[in-house]
Amino acid sequence: MTLRLYDTAARAVRDFVPLEEGRAGVYVCGLTVQSEPHVGHVRSAVNFDVLRRWLTTSGYDVTFIRNVTDIDDKILVKAGEQDRPWYNLAYDMQRELDRAYDALHVLPPTYEPLATGHIPEMLQLIEALIERGHAYAAEDGSGDVYFDVQSWPSYGELTRQKVDDMEAAADADPRGKRDPRDFALWKGHKPSEPTTASWASPWGRGRPGWHIECSAMAGKYLGEAFDIHGGGVDLRFPHHENEQAQSRAAGHPFASYWMHNAWITTSGEKMSKSLGNSLLVPHVLERVRGIELRFYMVSAHYRSTVEFSFEALAEAAQGFQRIEHFLERALAAVDADELAAVRSAGRKLRIEFIEAMDDDLGTPAAVAVIYDLVREGNRLLAGDPGADPEDRLVETLVQVELMLGVLGLDPAHPHWSTDSTNDLTGVVDALVTGLLEQRAAARADKDFATADLIRDQIKAAGVTIEDTPTGPKWSVE
RNA sequence: GGUGGGUUGGCCGAGAGGCGAGGCAACGGACUGCAAAUCCGUCUACACGGGUUCAAAUCCCGUACCCACCUCCA
């Protein structure tokens, strides 16, 4: 069984064959840090985090690069509107983004390059393109440098478009362009823009075009040829098409596989920045925990559009809590030494889970495998004692832990430890325990009215009581 | 105009020629003093119209509606 991935360029699921055995180089387009991240942005990060984790689990030595675009038109415009330096805005938003990634346990990439830190690499690439006759400096003195689309016959190959069918850029102030579809590699400095947003180049001061950044950074950290390039569907054109064109025109084979995650939509439409604050990550995290939001995203396939709703999110959270609940109960029921022994013995993942993940990261099917095991485990917990050899429960528990871990969803992982608990646990425990003792006394006297009253009061405070064979347990809702 | 994707049960969400994905909700049962949690069971769906096939949600043709990209976008 080998890993198969959907390759946008081939428009088909293909066996993953790395350039170098045992290693995988992945480049994912990160964000332009111009505003706070919403759930859609984070979906991409979660999807590719799952890819990264699965590659690692499968034994690959993964180099995972995700960039930050920290200079571009919008950053300059927004910073201008807010009357602050553009680099301050970009840095602020970058930190917001980091917080959002962290809240969803998106692992830090191997390295996260900034566009502004790689100007020399970009200039080098642009010069190579000019030498090879695939780029030219505008003759209007603007200092712009463009990629010459007509000079590269396979332009459009990634998205199967013919140059002649493409609509010319509407903004096309044709200026120094030879063809309206030519795109900027380098943008000459404009007097209206801050000088801090410009760098010296053979064509005068200026700043890089968007597409060249990724080509330069991918090349620097992954080499001229690497395995997987990812990003959101919208990036296929023009961004990824242009990246590929300019990299290949410069003589670099570039990416072997192209992967694109689908959107999270609202009301059937793409989530755009004009939607306001309701879907910003911190806002959504007021309603559910980070691990629940991650579970919601992982429950859908990365290439399927997800219609976001708080109802669906709450449902997912509900479902996840059932898994967590099983974990808690099993952990309490199982012999600690035996558990430790089984854990350290290094169990293999269930074949159904592996097959699901190998099939183009079939996380929905993988989650279904987890639920099947949770049910199995619950049955063992509920059922005929004596009939069950306890090690089956231990095995089931460890399997569930393993699978959740692969998906970045193990609630026991230290990363999530601040998520649900807080310093008041001890205080609440003392209070609730006192009340539970009163309830127990009432129940012993068959005074159920009083017992239920106490339970209702506790519940009203947001604490749920569960009677177990070993006595009542409480948990905060 | 060109390109890519979608329409699945009350809801979410997989699958991609034959074996009832899974979850949430609801209902019935077991358990419980009653609950909660858990288990068992019920709810047999694939936009529409044709076609291919022993067999179609899945393939083919057509229709309708929706979304995305071709301008910044995860």
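Numbers restart at 1 for each chain; the letters A, B, ... are given by sequence-line order, proteins then strands. Computed from heavy atoms alone, side chains included, the values below leave out hydrogens, waters and symmetry copies. Being a predicted model, the structure only gives us computed values, none of them experimental.
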What does [X] touch in the nucleic acid at a heavy-atom separation under 4.0 angstrom: a base, only the sugar-phosphate, or nothing?
| X | result |
| --- | --- |
| A:Phe237 | sugar-phosphate |
| A:Glu307 | sugar-phosphate |
| A:Arg43 | nothing |
| A:Ala262 | base |
| A:His301 | sugar-phosphate |
| A:Thr265 | nothing |
| A:Thr8 | nothing |
| A:Gly40 | base |
| A:Asn47 | nothing |
| A:Gly362 | nothing |

Distance between the [atom1] atoms of [N] and [M], in whole angstroms?
| N | M | atom1 | answer |
| --- | --- | --- | --- |
| B:rC11 | B:rG17 | C1' | 29 Å |
| B:rC46 | B:rA14 | C1' | 12 Å |
| B:rA64 | B:rG29 | C1' | 45 Å |
| B:rU8 | B:rA47 | P | 7 Å |
| B:rG49 | B:rC39 | C1' | 45 Å |

For this session: Taking the six-membered ring of A:Phe48 (Phe, Tyr or Trp), confirm whether the NZ or CZ of A:Arg66 is under 6.0 Å from its centre and within 45° of its axis.
Result: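 Relative to the ring axis of A:Phe48, which defines the angle, A:Arg66 lies outside at least one limit.
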
For this session: Would you verify whether the NZ or CZ of A:Arg95 falls within 45 degrees of the ring axis of A:Tyr91 while also being under 6.0 Å from that six-membered ring's centre?
Result: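 Ring-cation test returns yes.
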
Exercise. Any ion pair linking A:Asp72 and A:Lys74 (charged N to carboxylate O, less than 4.0 Å)?
Worked result: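 Answer for the salt bridge query: no.
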
Given [options], the nucleotide with the shortest approach to the side chain of [X]:
| X | options | result |
| --- | --- | --- |
| A:Tyr6 | B:rG33, B:rG5, B:rA74 | B:rG5 |
| A:Pro364 | B:rA74, B:rA14, B:rG2 | B:rA14 |
| A:Leu235 | B:rG5, B:rG13, B:rA74 | B:rA74 |
| A:Ala451 | B:rG33, B:rG13, B:rG22 | B:rG33 |
| A:Asp72 | B:rC72, B:rG5, B:rC12 | B:rC72 |
| A:Arg455 | B:rC11, B:rA74, B:rA35 | B:rA35 |
| A:Glu315 | B:rA21, B:rC24, B:rA74 | B:rC24 |
| A:Ala312 | B:rC12, B:rG22, B:rA74 | B:rC12 |
| A:Arg443 | B:rG23, B:rG33, B:rA68 | B:rG33 |
| A:Val306 | B:rG23, B:rG13, B:rG33 | B:rG13 |

Problem set entry | Nucleotide opposite B:rC39 in a Watson-Crick or G-U pair, distances under 3.5 Å |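 With both distances under 3.5 Å, B:rC39 matches B:rG29.
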
Problem set entry | For B:rA47, the Watson-Crick or wobble counterpart (both distances under 3.5 Å) |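 Pair assignment: B:rA47 / B:rU63.
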
Problem set entry | Short side-chain N/O contact from A:Ser304 to OP1 or OP2 of B:rA14, under 4.0 Å |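 For A:Ser304, the contact criterion (side-chain N or O under 4.0 Å from OP1 or OP2 of B:rA14) is met.
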
Using nucleotides 7-9 of chain B, report all nitrogen or oxygen pairs with the protein that are shorter than 3.5 Å.
none

Rounded off to whole Å, could you give me the [atom1]-to-[atom2] distance for the [X] and [N] pair?
| X | N | atom1 | atom2 | answer |
| --- | --- | --- | --- | --- |
| A:Glu241 | B:rC72 | CD | P | 14 Å |
| A:Lys459 | B:rA35 | NZ | C1' | 10 Å |
| A:His260 | B:rG5 | NE2 | C1' | 13 Å |
| A:Leu361 | B:rA14 | CG | P | 13 Å |
| A:Phe183 | B:rC72 | CZ | P | 11 Å |
| A:Asn67 | B:rA74 | CG | C1' | 12 Å |
| A:Tyr101 | B:rA74 | OH | P | 9 Å |
| A:Ile264 | B:rA74 | CD1 | P | 13 Å |

Exercise. So which heavy atom on A:Gly156 is nearest to which on A:Glu241, and how close?
Worked result: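 Closest approach of A:Gly156 to A:Glu241, heavy atoms only: N-OE2, 3.0 Å.
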
Exercise. Do you know which two heavy atoms are closest between A:Val62 and A:Thr110, and how far apart they sit?
Worked result: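 Closest approach of A:Val62 to A:Thr110, heavy atoms only: O-OG1, 3.9 Å.
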
Exercise. Between the base of B:rG22 and the side chain of A:Asp372, is there a donor-acceptor distance below 3.5 Å?
Worked result: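 Absent.
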
For this session: Would you tell me whether A:Trp474 and A:Asp429 have side-chain atoms, one donor and one acceptor, within less than 3.5 Å of each other?
Result: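 Yes, A:Asp429 and A:Trp474 have a side-chain donor paired with an acceptor closer than 3.5 Å.
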
Problem set entry | Heavy-atom check, side chain of A:Arg53 versus side chain of A:Asp49, under 4.5 Å |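 A:Arg53 reaches A:Asp49 side chain to side chain.
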
For this session: Tell me, yes or no, whether the heavy-atom count around A:Arg287 atom CZ, taken from other residues, nucleotides or ligands under 6.0 Å, exceeds 12.
Result: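 Counting neighbours around CZ of A:Arg287, 12 or fewer heavy atoms of other residues, nucleotides or ligands fall under 6.0 Å, so no.
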
Problem set entry | Criterion side-chain contact (heavy atoms from CB on, under 4.5 Å) on A:Leu31 and A:Met93, from CA distance to verdict | CA-CA 10 Å; A:Leu31 290 185; A:Met93 292 305 112; over 6 Å; no

Protein-nucleic acid N or O pairs under 3.5 Å, nucleotides 37-43 of chain B:
from	atom 1	to	atom 2	distance (Å)
B:rA37	O2'	A:His325	NE2	2.8
B:rU38	O3'	A:Asn378	ND2	3.2
B:rC39	OP1	A:Asn378	ND2	3.2
B:rC40	OP1	A:Arg379	NE	3.1
B:rC40	OP1	A:Arg379	NH2	2.7
B:rC40	OP2	A:Arg375	NE	3.1

Problem set entry | Identified side chain to side chain donor-acceptor pair (under 3.5 Å) counterpart of A:Asp73 within the set A:Gln34, A:Lys187, A:Lys78 |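 Option passing the side chain to side chain donor-acceptor pair (under 3.5 Å) with A:Asp73: A:Lys187.
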
Problem set entry | Per-pair stack call A:Tyr371 and B:rG22, 5.5 Å, 30° |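 Not stacked by the 5.5 Å and 30° rule.
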
Problem set entry | Proximity of A:His118 and A:Tyr221 rings by center, below 6.0 Å |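 Yes, close enough.
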
Exercise. Quick check, are the ring centers of A:Tyr146 and A:Phe183 under 6.0 angstrom apart?
Worked result: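 Here the rings of A:Phe183 and A:Tyr146 have centres that are no less than 6.0 Å from each other.
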
For residues 302-312 of chain A, which side-chain N or O atoms pair as donor and acceptor with protein atoms under 3.5 Å away, sequence neighbours left out?
from	atom 1	to	atom 2	distance (Å)
A:Tyr302	OH	A:Asp360	OD1	2.6
A:Tyr302	OH	A:Asp360	OD2	3.4
A:Arg303	NE	A:Asp360	OD2	3.0
A:Arg303	NH2	A:Asp360	OD2	2.8
A:Glu307	OE1	A:Thr265	OG1	2.7
A:Glu307	OE1	A:Gly268	N	3.0
A:Glu307	OE2	A:Ser267	N	3.0
A:Glu307	OE2	A:Gly268	N	3.4
A:Ser309	OG	A:Ala312	N	2.9

